[in-house]
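Okay, so here's the structure we're looking at.
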Amino acid sequence: MTADQIADGSSSGLSVEDRAPGYKAPILSTGSEATRVIGVIALLSTAAMLAFGLLISPPDLFQGDSVRLFYLHVPVAIVALYLAFTITLIGSVIHLVNGSTFWDLLAGAAAEVGVVFLGLTLVTGMLWGRPTWGSYWEWDPRLTSTAVSFVLYLGYLAVRKLDMDPAARSRRAAVLGIVGFANTIIVKYSVSWWRSLHQGSTLKPLDSQIEGLMMFSFALGLVSMLSIFAWLVMHRFRLAWLQHRVDAHRLEAALLERRSEGEAGIAKSGLAPGGA
Amino acid sequence: MNYVLAGYTIVFVTLALYSLQMVKRGRDLSRQLPEQERRFLD
């Protein structure tokens, strides 16, 4: 399967001409069968997560109803820090190794969606911090390193928008995508390396701190956020791919225009071969 | 419970708006390409 086929979500390779007579083009979009399936999973899991997270699961003995933010805040943070930015890291490394456009665009798509999720991590964390710690923000190692990560990846997105040679821009972004991930490791271990107000990991493989309906609500939250993330990254990648092709067309059109202008100028001045 | 509701509202409204904006941009960009090069039609 080629990168193009991966990008368009189909491997049939049918051109417009190959389609049956009377074929009616559907609405143009970045959607496909795969995104529709993932979209349905996202909607169902989100509905279930809202029901269990807000209504069915019991309040915590110490935190009361604020614990319901756990089912949202933690999945959003996991998706942003450990999934989105890992994809950006992998895409950046592969792009630097072989110059792949596919991986460059995927790295950019994952970073943009990751920044949105990380912003939501900060907001939900602040809203959880107010009733739990008594303040929206503390200059705590976990919170500060997460904020630094947010700014770093905003910088990454800004580099991707720079008006310069696309190949050089992609390489610079890839370097930043790799460097930025180092901070993600700091975020992960900040609660163990330094004294932190932020709690440590609730989910330990052999010693989980939650169970029953709370665990189930959290699992639903994770499925919801993972499916929303997958849906968004697929659409964002395809959007970047479309933009890449539109830019290529514009460049081609501009070159043709300049070439025809040049040829017209040569013909007019009588300098064309055999024209003198 | 107000903080909880605010958190859930902010997250899902933000994600919904971001999704809608992305789908709209995709449709706008698709129209700028020749039909045989339009992606994700099926």
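The chains referred to below are lettered A, B, ... by the order of the sequence lines, with proteins before strands, and numbering in each begins at 1.
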Within a strict 4.5 Å, meaning less than it, do heavy atoms of the [X] and [Y] side chains meet?
| X | Y | answer |
| --- | --- | --- |
| A/His235 | B/Tyr18 | no |
| B/Phe12 | A/Leu72 | yes |
| A/Val123 | B/Thr14 | no |
| B/Ile10 | A/Thr124 | no |

Look up atom CE in B/Met22 and atom CG in A/Leu232, then write down how far apart they are to the nearest 0.5 Å.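 B/Met22 CE to A/Leu232 CG: 5.0 Å, rounded to 0.5 Å.
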Spatial distance of atom CE (A/Met225) from atom CG (B/Leu15) [nearest 0.5 Å]: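 With rounding to 0.5 Å, CE (A/Met225) is 6.0 Å from CG (B/Leu15).
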Apply side chain to side chain contact (heavy atoms under 4.5 Å, CB included) to the pair B/Tyr3 and A/Asp65, showing each step before the final yes or no. CA-CA 9 Å; B/Tyr3 294 107; A/Asp65 279 324; over 6 Å; no
Proximity breakdown for [X] and chain B, heavy-atom pairs closer than 4.5 Å:
| X | value |
| --- | --- |
| A/Trp231 | side chain |
| A/Thr35 | neither |
| A/Met49 | side chain |
| A/Val113 | both |
| A/Tyr136 | side chain |

Identify the heavy atoms of A/Leu242 and B/Gly26 that sit nearest to each other, and give their distance.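 Nearest heavy atoms, A/Leu242 then B/Gly26: CD1-O, 3.7 Å.
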Exercise: identify the closest heavy-atom pair between A/Leu239 and B/Leu29: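 Looking at all heavy atoms of both residues, the shortest contact is O-CD1, 3.7 Å.
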When you measure from the side chain of B/Tyr8 to the backbone of A/Arg68, do you find a donor-acceptor pair of N or O atoms at a distance under 3.5 Å?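 Yes, the answer is positive, given that a donor and an acceptor are paired below the 3.5 Å cut-off.
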Would you check, one step at a time, whether the test side chain to side chain contact (heavy atoms under 4.5 Å, CB included) holds for B/Gln32 with A/His249? CA-CA 9 Å; B/Gln32 295 178 35; A/His249 268 276; over 6 Å; no
Report the C-alpha distance between A/Gln243 and B/Arg25 in whole Å, list the side-chain angles of each, state the deciding distance to 0.1 Å, and finish with yes or no for side-chain hydrogen bond (donor to acceptor under 3.5 Å, both in side chains). CA-CA 10 Å; A/Gln243 186 65 60; B/Arg25 278 171 67 195; 5.7 Å; no
